Enquirer: 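Can you keep this structure in mind? I'll have questions shortly.
On a predicted model such as this, the values are computed, not experimentally measured, just so you know. The analysis underlying the following values was restricted to heavy atoms, covering all of them including side chains, and did not include hydrogens, waters or symmetry mates.
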Amino acid sequence: MTKKKRILIVDNMHESIQPLLLDAGYLPDYQPDINRTEILKIISEYAGLIVRSKTTVDAELIDQGQKLEFIARAGSGMDKVDAEYLEKKNISAINAPEGNRDALGEHALGILLSLMHKIGVADNQVKKGIWDRESNRGYELKGKTVGIYGYGYMGSAFAEKLALLGCKIIAYDKFKVNYADDFVQEVNLESFKEQTEILSLHLPLTSETESLFNYENLSSYPQLKVLINTARGQILKLSDAIRLMEEDKLFGLGLDVLENEKLSSYSEDEKSIFQRLTQLPNVILTPHVGGWTFESYERINKVIVEKITKSQQLHQEKL
């Protein structure tokens, strides 16, 4: 009888994760409150590790996991996982962008419509007893050009949600070709910058993309009026986005992510920047919940377990 493989789960997960893993033939060890030091002490006992956001999977942790066959990230972004080192060690790297793509697509659309119609501004004014119709006149999305930078699971989900609203949807992705579909037109970077009026960012955080969208870069979009970031905060230089808003070069700014999302840890400079941000009109801020719905919370588990099972089958075939 084959011994069941143990999987360590070190973040809070939907309650379905353990029965799903048990049904698939694994032994889950659910320890969402464990810290990094404790993980390093016991990781050598497990064939798999499931993480969300709190734990960085670096060379130190990977080297401690002598029996590791896979690392699974319950979400899409892999910026806290050293995938290159995992590949070198012949350990599978798994994530689940399929699980929260629809949640993210809907959230990005909600932010965009709120900005175009100044819903956040109007809501705040009416609650203060201000009834000002003219200053809250918005813009229709129909006829506008939406540029999606990065056309993976999240970018394509956003395009699907936009498709019926009568806007032109274009996309640029440095690492893909021939990805145009029923929703989006594929263009080169020069054309993307020339046409984009509404820019939505959907790319991972890497050394190449960190602070990629700074003042100089964003200023090269001659028609840009609305900017949305639901990807990673560090790809957008926040102070530069604020500067564009203060100079009236941007009509709206929607952020589900920030460069530093631990607000209580802010330096004086970060506090100053954040204060400027919160004083701007027509800004929508949400706490990194774009892909975080009740449905996606459970769906991610199903995707993760399916991919773990598939990776294990491939692993057995190689033996």
Side-chain angles (χ1 to χ4, degrees), residues 53 77 79 104 107-130 132 134-139 141 144 146-150 158 193 196-207 209-292:
S53 298
D79 43 280
L104 190 285
H107 193 84
L109 179 58
I111 288 176
L112 175 55
L113 292 173
S114 293
L115 292 172
M116 296 294 286
H117 292 275
K118 303 182 76 171
I119 293 173
V121 177
D123 172 70
N124 188 49
Q125 288 184 1
V126 173
K127 287 176 178 176
K128 292 179 179 178
I130 302 170
D132 186 352
E134 183 55 36
S135 72
N136 287 299
R137 187 195 296 258
Y139 292 91
L141 187 55
K144 305 298 187 296
V146 180
I148 298 176
Y149 199 114
F158 184 42
K193 288 185 175 183
T196 295
E197 297 172 272
I198 299 161
L199 174 61
S200 188
L201 307 181
H202 298 276
L203 61 167
L205 174 62
T206 66
S207 57
T209 63
E210 186 171 1
S211 296
L212 174 62
F213 295 92
N214 53 27
Y215 188 85
E216 181 181 5
N217 185 329
L218 293 170
S219 295
S220 65
Y221 289 74
Q223 301 190 72
L224 183 62
K225 292 300 177 186
V226 175
L227 173 62
I228 299 171
N229 185 14
T230 55
R232 284 293 182 266
Q234 296 95 323
I235 68 176
L236 173 66
K237 190 67 177 175
L238 184 57
S239 59
D240 288 354
I242 292 171
R243 179 182 170 188
L244 288 165
M245 287 289 290
E246 291 174 339
E247 294 174 350
D248 290 329
K249 293 178 180 177
L250 280 180
F251 168 76
L253 177 63
L255 305 175
D256 184 49
V257 289
L258 296 173
E259 288 172 306
N260 182 358
E261 295 175 1
K262 296 180 180 179
L263 304 188
S264 61
S265 72
Y266 274 15
S267 65
E268 290 305 313
D269 184 51
E270 288 174 316
K271 288 178 182 178
S272 176
I273 291 172
F274 187 72
Q275 185 177 27
R276 286 168 59 197
L277 177 66
T278 59
Q279 291 176 346
L280 289 169
N282 211 25
V283 171
I284 298 290
L285 301 173
T286 54
H288 204 153
V289 292
W292 189 242

Enquirer: Please name the pair of heavy atoms, one in S220 and one in P222, separated by the smallest distance, quoted to 0.1 Å.
Expert: O-CD, 3.2 Å
Enquirer: Please tell me if the side chains of E197 and F251 come closer than 4.5 Å, counting only heavy atoms from C-beta onward.
Expert: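 Result no, sub-4.5 Å side-chain heavy-atom pair not found.
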Enquirer: So, H202 versus F158, ring centres under 6.0 angstrom or not?
Expert: yes
Enquirer: Looking at S267, is its backbone amide N or carbonyl O close enough to the side chain of E270 to form a donor-acceptor pair, meaning the two atoms are under 3.5 Å apart?
Expert: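 Pair found, side chain donor or acceptor close to backbone of S267.
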Enquirer: Looking at side-chain heavy atoms only, is the closest gap between E259 and K237 below 4.5 Å?
Expert: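 Side-chain contact under 4.5 Å: yes.
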Enquirer: Enter the distance from I198:CD1 to L141:CG here, rounded to the nearest 0.5 Å.
Expert: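 I198 CD1 to L141 CG: 5.0 Å, rounded to 0.5 Å.
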Enquirer: Backbone N or O of T209 within a donor-acceptor pair of the T206 side chain at under 3.5 Å?
Expert: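 Yes; judged by distance alone, with no hydrogens or angles, the pair exists.
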Enquirer: Given side chain to side chain contact (heavy atoms under 4.5 Å, CB included), test L285 with V283 step by step and report yes or no.
Expert: CA-CA 7 Å; L285 301 173; V283 171; 3.8 Å; yes
Enquirer: Less than 3.5 Å apart, any donor N or O on the side chain of H107 or T230 sitting next to an acceptor on the other?
Expert: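 Per modelled atom types, H107 and T230 side chains form no pair under 3.5 Å.
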Enquirer: Has the side chain of S219 got a donor or acceptor atom that lies under 3.5 Å from a matching backbone atom of Y215?
Expert: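 At least one qualifying donor-acceptor pair exists.
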Enquirer: Less than 4.5 Å apart, any side-chain heavy atom of L280 and any of T278?
Expert: no
Enquirer: List the atom of S239, the atom of I273, and the distance in Å for their closest heavy-atom pair.
Expert: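 Closest heavy-atom pair between S239 and I273: CB-CD1, 4.1 Å.
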Enquirer: Spell out, as yes or no, whether a donor-acceptor pair under 3.5 Å connects the side chain of Y266 to the backbone of N260.
Expert: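 Confirmed, Y266 side chain pairs with N260 backbone.
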Enquirer: Is any side-chain heavy atom of L244 less than 4.5 Å from a side-chain heavy atom of D240?
Expert: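 No. Closest side-chain heavy atoms not under 4.5 Å.
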Enquirer: Kindly compute the distance separating CG (L201) from CG (L227), expressed to the nearest 0.5 Å.
Expert: 5.5 Å
Enquirer: Between S114 (side chain) and I119 (backbone), is there a donor-acceptor pair under 3.5 Å?
Expert: no
Enquirer: Take atom CD of E216 as the centre, draw a 6.0 Å sphere, and report whether it contains more than 12 heavy atoms from other residues, nucleotides or ligands.
Expert: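 Not more than 12 within 6.0 Å, no.
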Enquirer: Working to the nearest 0.5 angstrom, can you tell me the gap between E134 CD and D132 CG?
Expert: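 These two atoms lie 8.0 Å from each other.
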Enquirer: Verify the distance criterion only: is there a donor paired with an acceptor across the side chains of S211 and N214 at less than 3.5 Å?
Expert: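 No, no side-chain donor-acceptor contact under 3.5 Å.
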Enquirer: Please report the interatomic distance CD1(I148) to CG(L203), rounded to the nearest 0.5 Å.
Expert: 12.5 Å
Enquirer: What distance separates L253 CG from N282 CG, expressed to the nearest 0.5 Å?
Expert: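 Separation between the atoms: 9.0 Å.
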Enquirer: Look at the side chain of D79 and the backbone N and O of L205, then say whether any donor-acceptor pair between them is shorter than 3.5 Å.
Expert: no
Enquirer: Would you tell me whether K193 and Y149 have side-chain atoms, one donor and one acceptor, within less than 3.5 Å of each other?
Expert: no
Enquirer: Show the nearest heavy-atom pair for residues L224 and L199, with the distance to one decimal.
Expert: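 Smallest heavy-atom distance, with atoms named: CD1-CB, 3.5 Å.
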Enquirer: Are the side chains of R243 and E247 in touch, meaning some heavy atoms are under 4.5 Å apart?
Expert: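 Yes. Closest side-chain heavy atoms under 4.5 Å.
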Enquirer: Is there side-chain contact between V121 and N124, with heavy atoms separated by less than 4.5 Å?
Expert: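 Heavy-atom side-chain distance check fails, nothing below 4.5 Å.
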Enquirer: Measuring from atom CD of Q234 to atom CG of N229, what distance do you get when rounded to the nearest 0.5 angstrom?
Expert: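 Going from the CD atom of Q234 to the CG atom of N229 covers 9.5 Å.
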Enquirer: I need the minimum non-hydrogen distance between A231 and V257, along with the two atoms involved.
Expert: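 For A231 and V257, the tightest heavy-atom pair comes out as O-CG1, 3.6 Å.
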Enquirer: In terms of side-chain geometry, is the basic nitrogen of R276 or E246 positioned less than 4.0 Å from the acidic oxygen of its partner?
Expert: yes
Enquirer: Is a side-chain N or O of E261 found less than 3.5 angstrom from the main chain of L258, in a donor-acceptor match?
Expert: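 Flag set: sc E261 to bb L258 pair under 3.5 Å.
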Enquirer: Below 4.5 Å, heavy atoms only, C-beta onward: do I228 and L255 meet side chain to side chain?
Expert: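 SC-SC contact between I228 and L255 ruled out.
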Enquirer: Between K118 (side chain only) and G252 (backbone N and O only), is there a donor and an acceptor less than 3.5 Å apart?
Expert: no
